[in-house]
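Everything quoted here is computed from the prediction, not taken from an experiment. As a basis for the values below, the full set of heavy atoms in this structure was taken, side chains included, without hydrogen atoms, waters or symmetry mates.
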Amino acid sequence: MAAIETVERETRTICGKTYDVTITRREGLDSYIDLTIDPSGTPFLADAATFIDYGPKMGVTKCYTMHKEVQPTEEERAAGRRHIQEVAVKCLIDQGIW
């Protein structure tokens with residue numbers, strides 16, 4: 001398993017304080033161990049991961065796109081898109097926008 005890693009460094013202001021932030025993105029199937037997700041330390045697979053390090057005072061934010069063994073068929077994807085469009089239209093009608 002190999003993931004492509006990119007690292008960005010930037011400065012963010014939060015509540016009037018400036019923090020040096022390091023954003024690490026990993027794209028590609030890889031194995032991770034995160035004790036906040038599974039305290040037993042069992043590895044899991046993720047297709048992508050993002051880690052945002054705000055430093056020792058603010059900590060690290062972690063986000064994973066979990067790997068699914070079974071990918072949806074094209075028909076399931078089309079049905080999902082239709083459902084999203086129907087919900088969006090209903091919301092716009094309910095709000096009087098459309």
Side-chain angles (χ1 to χ4, degrees):
M1 290 181 253
I4 298 171
E5 184 173 283
T6 58
V7 178
E8 299 174 35
R9 289 179 175 75
E10 59 185 55
T11 303
R12 291 189 181 173
T13 302
I14 302 171
C15 297
K17 294 184 180 181
T18 302
Y19 296 93
D20 291 322
V21 179
T22 303
I23 303 168
T24 305
R25 290 186 177 89
R26 294 177 55 88
E27 295 288 331
L29 183 62
D30 207 351
S31 177
Y32 297 92
I33 296 174
D34 190 334
L35 298 178
T36 59
I37 293 175
D38 185 357
S40 68
T42 304
F44 61 91
L45 293 176
D47 292 322
T50 302
F51 307 100
I52 306 173
D53 185 353
Y54 289 93
K57 290 186 179 182
M58 295 278 284
V60 178
T61 299
K62 299 175 259 185
C63 179
Y64 302 99
T65 302
M66 303 304 254
H67 178 69
K68 293 182 181 177
E69 291 296 327
V70 179
Q71 297 296 325
T73 65
E74 191 54 42
E75 292 82 23
E76 291 171 328
R77 290 165 108 17
R81 283 191 293 272
R82 279 193 304 276
H83 177 70
I84 291 170
Q85 290 169 345
E86 291 167 4
V87 170
V89 167
K90 182 182 180 322
C91 289
L92 291 171
I93 291 171
D94 289 349
Q95 294 177 12
I97 297 172
W98 198 12

* **Heavy-atom side-chain proximity of Thr36 to Lys62 below 4.5 angstrom** => yes

* Structure fact -> Nearest heavy-atom contact between Ser31 and Pro43 is OG-CB, 3.5 Å

* Hey, quick one: are Val89 and Val87 part of the same hydrophobic cluster, counting side-chain heavy atoms closer than 4.5 Å, chains of contacts allowed? -> no

* Does a side-chain heavy-atom distance below 4.5 Å link His67 with Glu69? -> yes

* Structure fact -> When every non-hydrogen atom of Ile37 is compared with those of Phe44, the smallest separation belongs to CD1-CZ, 3.8 Å

* Above 12 or not: heavy atoms from other molecules or residues under 6.0 Å from CD1 of Ile4? -> no

* Asked: Going by heavy atoms in the side chains, are Arg9 and Asp20 under 4.5 Å from each other?
  -> no

* Structure fact -> Taken to the nearest 0.5 Å, the spacing of Thr18 OG1 from Arg12 CZ works out to 12.5 Å

* Asked: Under 4.5 Å between side-chain heavy atoms, hopping through other hydrophobics if needed: is there a path connecting Val7 to Tyr54?
  -> no

* Please assess Arg25 against Glu27 for the test salt bridge (Lys or Arg N to Asp or Glu O under 4.0 Å), listing each intermediate value before the final yes or no. => CA-CA 7 Å; Arg25 290 186 177 89; Glu27 295 288 331; over 6 Å; no

* To do: Would you kindly confirm whether Ile14 and Ile52 end up in one hydrophobic cluster when ILVMFWY residues are joined by side chain heavy atoms under 4.5 Å apart?
  => yes

* Would a 4.5 Å heavy-atom cut-off, applied to side chains only, mark Asp30 and Glu5 as touching? -> no

* Asked: Can you find a pair of side-chain heavy atoms, one from Tyr64 and one from Asp34, that are under 4.5 Å apart?
  -> yes

* Criterion side-chain contact (heavy atoms from CB on, under 4.5 Å) against Ile23, the qualifying member of Thr61, Thr50, Asp53 -> Thr50

* Considering only heavy atoms from C-beta outward, does the side chain of Arg77 approach that of Arg81 to under 4.5 Å? -> yes

* To do: Taking the side chain as every heavy atom from C-beta outward, state whether Val21 and Met58 have any pair of such atoms under 4.5 Å apart.
  => no

